[in-house]
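As the structure lists them, so they are numbered: ligands from 1, and atoms in each ligand from 1. Note that the structure is predicted; figures quoted are calculated from it, not measured.
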Amino acid sequence: MPIHFEPEEQLFHLQTKGSSYAFKLVHGYPAHLYWGPRLRHGPGIAQILQLAERPSFSPNPVPEDKRLSLDTLPQEYPQYGTSDFRQPAFQVEWPDGTRIAELKYAGHRVEKGKPKLPGLPAVYAEPGDAAETLVLELADESGLRAELLYTVFEDADAVMRSARLINGTSLPVNVLRAMSATVDFPDDRYEWLCLSGAWARERHLSRRPIGPGGTRIESRRGASGHQLNPFAALLRPGADEDKGDVYGFSLVYSGNFLIEAEVDQFRTTRVAAGINPFEFRWRLEPGEMFQTPEAVLVYSGEGLGGLSRTYHRLYRTRLARGVHRDRERPVLVNNWEATYFNFNAEKLEAIAAAAADLGIELFVLDDGWFGKRDSDNCSLGDWRVDGRKLPGGLDDLAARVNRLGLQFGLWVEPEMVSPDSDLYRAHPDWCLHVPGRRRTEGRNQLVLDLSRADVREYLFRTLAEVFSSAPIAYVKWDMNRNMTEVASAQLPPERQGETAHRYMLGLYELLERIVTAFPGILFESCSGGGGRFDPGMLYYMPQTWTSDDTDAVERLKIQYGTSIVYPASAMGAHVSAVPNHQVGRMTSLEMRGLVAMGGNFGYELDLTKFTEEERAQVRRQVALYKEIRGLVQQGDLYRLKSPFEGNEAAWMFVSPDRREAAVFHFRVLAEPNAPLGRLALRGLDPLRDYAVTRVVTAEGGADGDRLAETPVGVFAGDLLMQAGLPAEGFAGDFAGVLYRLRSAD
Ligand code: DGJ
């Protein structure tokens, strides 16, 4: 039983395999006690709370207990205005304009499994999972109520938290702030880790100490964004990849978010995660409920590596859904960097034919197949095939691709409209806009107002028609700009502050309808690469295009950073042409192939332009990836060397039974007279012996086409982890090596 309640001490203790989370009631306030390594459910937990009388600048809400001030009490869901001066978890505005509310314990219940969050993506429990949910009921004297949800799975060191605000009064109230979770840590000896970047440079690691005042990351773009991912962690100084305490906060949401850490006067740290209160205002009518998105809190005592593996398993198996969740993902070729908008059916068929010959399984037709879209300045919204390019339609092209033995996939960007489109001419009010003001364009397009039911209905019908018009096995769902003039023509003035969140709810509703209507399609989300690479999208689409930057060297950092939270099965990774289209760099096909094998593998170049030698190498790469994709997509990831710390990067994937592993090792720049190094491996069975081989796709085996595997030796698992594998030298700049490990018995 992972959730304990001790009525006498009013203590709640949530246990997972390796962690504990505890709080108790103090004069009805839920007071945070502990989050960290698993505790025995023994005596004393409720007594660790320290209270002391403080100067009058920390006022006392309970007159007879001067030791109690909300300014010093660690809390589960704090409020502003009744003695806590730190950032609150929630704030509501009453009809008279005042903003004081005080939530206190009103009851609780424990439910088996995990309830769905209405309208929102969330981690789910399957029948048979050892999962329980605590619903902590709180109430204000006005009738406003809250429910705090805490779900724990016995075998994952995670706590899923969210909150519901329920208007039990007889008048409307405005919710100004409703965070998903806050945690009050007992001290400030932490560092802050987040994933930051820009378009084509997403999710680089950023680590810095926290200090007095606030440390925050947020999005105000109407999407989670390329710039800051909805994830942050507190790390004890000294915590690294393999050891030390790490506390992760990952928000299952794709819109404006805020995660902040506030260090107060007593050097305690409050972390809050949720919808960004910036530009947010939600009118709650009597009887209505507001459900926040879910925050997934993960504790790891095994450094960042342990944290990542917990997120990976949870997000791979209990956030991603559908028939493709556990299936091996196909090797694909995408025509975007091969042709951009300039293609016809013959050109596409030629690429597909080349792909078929190389063992590639899926052909994806990217942007430019509809309307009169010869560039990015028109036609979004007009989802009718362009007869000039594809006279036989999608069905004919798909049939030609299928005849070659490949599945057919298609790109769409449904959330957008081009001003030069029939849709916009017919419905100029269907986009986000402020009447009478300029409509700011990005990539020559505007954002459709998905808070509107009529817009969603149109999109569902149009997309359903497209997806049924041909045997479509895969869809890439793109989104290429952020929101401006955030207002909806259908919302009354007092509800305009709801637009951005209503957009997300609308998007989620549309996605739910689409994935339900087309359960066989493998969906990949995309936003100019990784501009919406977040857990919310993963609930609907099990994979995401990681970045528009396909350069192998840039990808080392992008994929390494992304892997802090997201599993390899979520990351699209393609081999593209050189000189690279984003940075102009020349890298070998070997390097590009090995880097892309760290995710869902594919090609994004004109395969018809390859030489015979290159084609043979691609054939070997595809064959190799098919052999190891089970490991990559479903195995455990161990990061070995960080590209943010030096000239090398390395990571490995280990099978769940630890009998097999694939180790990728990269060096960026050549070093003269380089030292000989060993690569310390992780995650192996120390008692097992492993036969290690080196695989090179640049060279053929005996018959020229088969993979060349060179034996390196047989090594004990403990030796490989403690002393390390004698690493091969590298030749030249931008080099990579792959080792395969197989249990020797
Ligand atoms: C942005 C995506 O990230 C690219 O992969 C490609 O699909 C283009 N959009 C097409 O416009």
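The ligand atoms of ligand 1 that sit less than 4.0 angstrom from a heavy atom of W545 are 3 (O), 5 (O). Shown in contact with W411 at under 4.0 Å from a heavy atom are these atoms of ligand 1, numbered in order with element: 7 (O), 10 (C), 11 (O). If you number the atoms of ligand 1 from 1 as listed, the ones under 4.0 Å from a heavy atom of D367 come out as 10 (C), 11 (O). Those atoms of ligand 1 with a heavy atom of C526 less than 4.0 angstrom away are 2 (C), 3 (O). Near G529, with a cut-off below 4.0 Å to any heavy atom, the atoms of ligand 1 are 3 (O).
Annotation: cation-pi geometry satisfied between R555 and W545 (NZ/CZ under 6.0 angstrom from ring centroid, within 45° of ring axis). Both the sub-6.0 Å distance and the 45° axial angle are not jointly satisfied by K476 relative to the ring of F523. Cation-pi geometry between R585 and F734 is met: under 6.0 angstrom from the ring centre, within 45 degrees of the axis. The cationic atom of R384 (NZ for Lys, CZ for Arg) does not lie both less than 6.0 Å from the six-membered ring centre of F370 and within 45° of the ring axis. Relative to the ring axis of F460, R513 places its NZ or CZ within 45° and under 6.0 Å from the centre.
Of all the heavy atoms of N334, none lies under 4.0 Å from any atom of ligand 1, so neither backbone nor side chain is involved. Contacts between D376 and ligand 1 below 4.0 angstrom, taking non-hydrogen atoms only, are absent altogether.
E349 has no carboxylate O lying under 4.0 Å from a charged side-chain N of K347, or vice versa, which leaves the two without a salt bridge.
Ligand 1 is approached by R443 to a heavy-atom distance shorter than 4.0 Å.
Distance from atom 6 (C) of ligand 1 to its nearest protein heavy atom, with residue and atom name: D366 OD1, 3.3 Å. Of all protein heavy atoms, the one lying nearest to atom 9 (N) of ligand 1 is D478 OD2, 2.7 Å. The protein atom (non-hydrogen) at minimum distance from atom 3 (O) of ligand 1 is D548 OD1, 2.4 Å.
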Checklist entry - Where do R373 and D367 land on the salt bridge (Lys or Arg N to Asp or Glu O under 4.0 Å) test, with the steps shown first? => result CA-CA 8 Å; R373 193 158 162 94; D367 196 353; 2.7 Å; yes
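Of the listed options E413, K476, E524, K476 places a heavy atom closest to atom 5 (O) of ligand 1.
Two rings, from F231 and F249, have their centers 6.0 Å or more apart.
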